[in-house]
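Numbered from 1 within each chain, the chains take letters A, B, ... in sequence-line order. The basis for the numbers below is simple: all heavy atoms, side chains too, and nothing from hydrogens, waters or symmetry mates.
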Amino acid sequence: MNKLNSFPKSEHLCGEIRIARLFNQGQAFIAYPMRVVFLIDTSSKLKEPVSVMVSVPKKRFKHAVNRNRLKRLMREAYRLNKHCLVEKIEEKQIQIHIAFNYISNDELDFISIEKKMKVALNKIIELIAEK
RNA sequence: AUAGUAGGUCGGUUUGUCGCCGUUUCAUUGCGAAAUGGAGGAAAGUCCGGGCAACAAAGAGCACCAUAUUUCCUAACGGGAAGCUGUUUGUGAGAGCAGAGUAGCGUAACAGAAAAUAACCACCUUGCUUUUAGCAAGGAAAGGGUGAAAAGGUGAGGUAAGAGCUCACCGGUUUGGUUGGUAACAUCCAAAGCCGUACGUCUUAUGGGUUGCAAGAUCAAGUAAACCGACGCAGUAGGGUUGCUCGCCCGAUGUCGGAGGGUAGAUUGCUAGAGGCAUAAGGUGACUUAUGUUCGAGAUAAAUGACAGACAAUUUGCGAAAGCAAAGAACAGAACCCGGCUUACAGACCUACUAUUUUU
RNA sequence: UGUCUCAUGGUGUAAUGGUAGCACUGCAGUUUUUGGUUCUGCCUGACAAGGUUCGAGUCCUUGUGAGACAA
């Protein structure tokens with residue numbers, strides 16, 4: 001099996017403390033329709049290089065069906081395109097937390113979300129390379 | 001055939017690739033591999049009822065909240081079934097709503113004489129003044145354009161004028177009885193002149209401890225201003241017991257000793273149950289009983305998905321039709337579990353029935 | 001997930017079932033050489049659908065939207 005395209009539970013970002021730290025200290029930028037927050041974490045003892053969370057606000061999408069669908073699409077887009085980011089991070093021997101917030105009011109299809117996800121990942125790689 | 005009413009059932013199928021969560025087996029320091037399972041009729045709203053869990057229990061009176069036709073069903077219910085009465089609606093099959101009691105009290109805007117122990121106008125009697133009217137006292141609910149609602153209705157008798165004042169017929173109410181029904185109630189008979197309506201207050205009966213799985217339990221780390229015991233200020237201040245009253249209970253700061261709570265994390269609670277399906281019997285029915293058979297989500301910043309293709313109900317456009325082209329499934333996603341209710345829903349099917357038109 | 005609250009002109013906020021008021025804002029006029037202030041007038045209304053009632057902003061039911069708490 002090609003391990004590059006998997007997205008198991010251990011790569012999800014969970015825990016109230018770690019998420020609070022990400023949103024308090026992390027850097028943010030907007031790659032419409034997503035707002036991306038990330039933080040280079042040096043204190044964590046986990047072995048996964050990248051931890052990711054995805055969220056869709058209840059205010060913009062009232063029905064749970066639509067929220068779940070958008071979260072699934074974003075997870076799927078990340079899963080299929082994460083290999084380039086993971087390679088860079090492993091080269092640098094660091095760990096990173098990322099959060100993707102959906103901020104558009106419209107429900108997009110998979111193709112456009114995947115396109116925007118590639119843009120967002122490339123921008124993260126650039127910002128990390130500067131440091 | 002078209003349009004509908006009531007009840008019930010279903011609510012996309014399939015191939016490949018890449019993924020997610022649980023379980024089992026194999027392998028194991030670890031990474032992993034294979035097999036297998038993985039959203040609903042409403043999972044929704046959180047409107048009722050119950051299970052389960054923790055805490056509290058000393059009660060009495062008043063208050064508060066909910067319910068309120070009858071019989072039945074149910075673990076229970078404010079739910080359901082079958083009826084009864086009234087009312088609204090539909091041509092109809094049907095559908096919606098209301099339904100304990102009324103002795104007392106309150107309210108009924110505007111309009112109208114008056115919203116109820118009714119006398120403003122008009123009517124009648126008597127007296128006085130006056131000259132065809134005015135004033136005063138009384139009688140009288142028969143007439144008066146209003147209003148949502150006007151003092152049971154029609155006719156006759158009666159009277160100074162009138163009036164259920166009396167009578168006949170009709171409508172209602174109450175009481176007593178007959179027949180039918182388990183009952184609500186209905187039918188019939190008799191008697192009583194007994195005769196406005198709506199809402200609220202009030203009264204009666206029944207039920208109601210509080211909080212909710214983020215309840216609660218366990219684990220390793222680590223320690224209080226919280227807890228327990230003894231002594232004292234002192235059974236005082238104060239607090240609890242449902243809102244109040246009575247009653248009952250607890251009870252402080254200090255000293256000494258003991259014990260280990262919350263928060264974050266992990267595990268558990270956690271999925272076989274008032275379960276489903278079939279047959280038979282009972283019942284008008286909700287439902288019940290018996291027998292057989294069948295099952296397997298359990299996540300926790302929260303899985304059940306993405307892409308590509310095939311089929312297809314159906315929809316739209318063109319067309320007389322055949323057909324061609326395009327689109328390609330509604331409402332909606334478990335979070336402790338059940339029973340209901342309510343709300344959303346493209347379309348398909350079954351049973352019974354209704355209206356209209358045509359044919360026999 | 002659970003427990004609750006609210007909805008009245010553009011904004012804020014009242015009213016016992018009986019003509020929906022008040023303040024600010026906006027518009028027009030008045031005053032002024034002009035603008036502001038003042039004064040006068042006007043416009044702008046019940047979250048939606050049912051029910052109870054002679055009559056609902058108000059009472060009842062269902063839905064919609066917004067907010068609070070456990071956090």
Rounded to the nearest angstrom, tell me the gap between atom CD in E114(A) and atom P in rG305(B). 19 Å

For atom CZ of R75(A) and atom C1' of rG19(B), their distance in whole Å: 11 Å

Please write out each protein N/O paired with an N/O of nucleotides 329-337 of chain B under 3.5 Å, distance rounded to 0.1 Å.
unit_1   : atom_1 : unit_2 : atom_2 : d
rG333(B) : OP2    : A64(A) : N      : 3.4
rG333(B) : OP2    : V65(A) : N      : 3.4

Taking the side chain as every heavy atom from C-beta outward, state whether L85(A) and I125(A) have any pair of such atoms under 4.5 Å apart. yes

Determine the Euclidean distance between corresponding P atoms of rG328(B) and rA308(B); express it in Å to zero decimal places. 12 Å

pair_partner(rA278(B)), Watson-Crick or wobble, both distances < 3.5 Å, evaluates to rU291(B)

Just name whichever nucleotide pairs with rU28(B), Watson-Crick or G-U, keeping both distances under 3.5 Å, else none. none

Which residues pass the salt bridge (Lys or Arg N to Asp or Glu O under 4.0 Å) test with E76(A), sequence neighbours left out? R79(A)

Go ahead and name the base partner of rC167(B); Watson-Crick or wobble counts if both distances stay under 3.5 Å, otherwise write none. rG155(B)

Look at the side-chain heavy atoms of Ile, Leu, Val, Met, Phe, Trp and Tyr, link any pair under 4.5 Å apart, and say whether V65(A) and V54(A) land in one connected group. no

What distance, rounded to whole Å, do you find between the two C1' atoms, one in rU8(C) and one in rU44(C)? 13 Å

Write down the distance separating the C1' atoms in rG19(B) and rU279(B), rounded off to the nearest Å. 46 Å

Apply the syn/anti split at 90° from 0 to rG35(C) and say which one it is. anti

Please state the C1' separation for the pair rA1(B) and rU360(B) - nearest whole angstrom. 15 Å

Inter-residue atom distance R75(A).CZ - N68(A).CG, 0.5 Å rounding: 8.0 Å

In this structure, how many angstroms lie between the C1' atom of rG19(B) and the NZ atom of K71(A), rounded? 18 Å

Classify the glycosidic conformation of rG208(B) as syn or anti, calling it syn when the angle lies within 90° of 0. anti

Rounded distance (Å) that lies between atom C1' of rA301(B) and atom CD1 of I98(A): 16 Å

Nearest-angstrom distance, P atom, rA98(B) to rU52(C): 9 Å

Would you kindly give the CG-to-P distance between D109(A) and rA308(B), to the nearest whole Å? 10 Å

Could you tell me whether the side chain of N81(A) reaches within less than 4.5 Å of the side chain of E114(A), counting heavy atoms only? yes

Complement of rA161(B), any strand, by Watson-Crick or G-U distances under 3.5 angstrom: none

I'd like to check I113(A) versus L70(A) (side-chain heavy atoms, cut-off strictly below 4.5 Å). Are they in contact? yes

Could you tell me which nucleotide pairs with rG247(B) by Watson-Crick or G-U wobble geometry, both distances under 3.5 Å, or answer none if nothing does? rU241(B)

For rA306(B), give the paired nucleotide (Watson-Crick: N1-N3 plus N6-O4 or O6-N4; G-U: N1-O2 and O6-N3; both under 3.5 Å), or none. rU17(B)

Given the P atoms of rG193(B) and rC202(B), what is the spacing between them in whole Å? 38 Å

Can you list the steps and then say if I98(A) with I96(A) is a side chain to side chain contact (heavy atoms under 4.5 Å, CB included)? CA-CA 7 Å; I98(A) 309 177; I96(A) 185 167; 4.2 Å; yes

Which nucleotides of RNA chain C pair, in dot-bracket form (Watson-Crick or G-U under 3.5 Å, | meaning another strand): (((((((..((((....[..)))).((((.........))))....(((((..]....)))))))))))).

For R69(A) and rA39(B), give me the distance from atom CZ to atom C1', rounded to whole Å. 16 Å

Of all heavy-atom pairs between M74(A) and M34(A), which one has the smallest distance, and what is that distance? CE-SD, 3.8 Å

On a whole-Å scale, what distance lies between the C1' atoms belonging to rC20(B) and rA54(B)? 37 Å

Taking the nucleotide of RNA chain B with the nearest heavy atom to each, does I111(A) or E76(A) sit closer to the 5' end? E76(A)

Interatomic spacing from NZ in K88(A) to CD in E126(A) - rounded to 0.5 Å: 10.5 Å

Who is the Watson-Crick or G-U wobble partner of rC227(B), with both distances under 3.5 Å? rG258(B)

F110(A) or V54(A): which one's nearest nucleotide on RNA chain B is closer to the 5' end? V54(A)

Would you mind pulling out the nucleotide paired to rG104(B), Watson-Crick or G-U wobble, both distances under 3.5 Å? rU201(B)

Length of the CG-C1' vector between L73(A) and rC18(B), whole Å: 15 Å

Taking rU14(B) as the reference, what is the distance to rG79(B) when you measure between their C1' atoms (whole Å, please)? 43 Å

Are any of the side-chain heavy atoms of F29(A) and V37(A) separated by less than 4.5 Å? no

Atom NE2 of H83(A) and atom P of rC18(B) are separated, to the nearest Å, by 16 Å

Nearest listed nucleotide, side chain of R79(A), among rU304(B), rC18(B), rA301(B): rC18(B)

Verify the cluster assignment for F110(A) and V119(A): are they in a single hydrophobic cluster under the rule of side-chain heavy atoms below 4.5 Å apart? no

With a non-hydrogen cut-off below 4.0 angstrom, is L80(A) in contact with a base, only sugar-phosphate, or nothing? nothing

In rA39(B), glycosidic geometry as syn within 90° of 0 or anti otherwise: syn

Using a heavy-atom cut-off of 4.0 Å across all strands, would you classify R67(A) as base, sugar-phosphate, or nothing? nothing

Between Y78(A) and F100(A), what is the ring plane arrangement, given parallel below 30°, perpendicular above 60°, and tilted in between? tilted

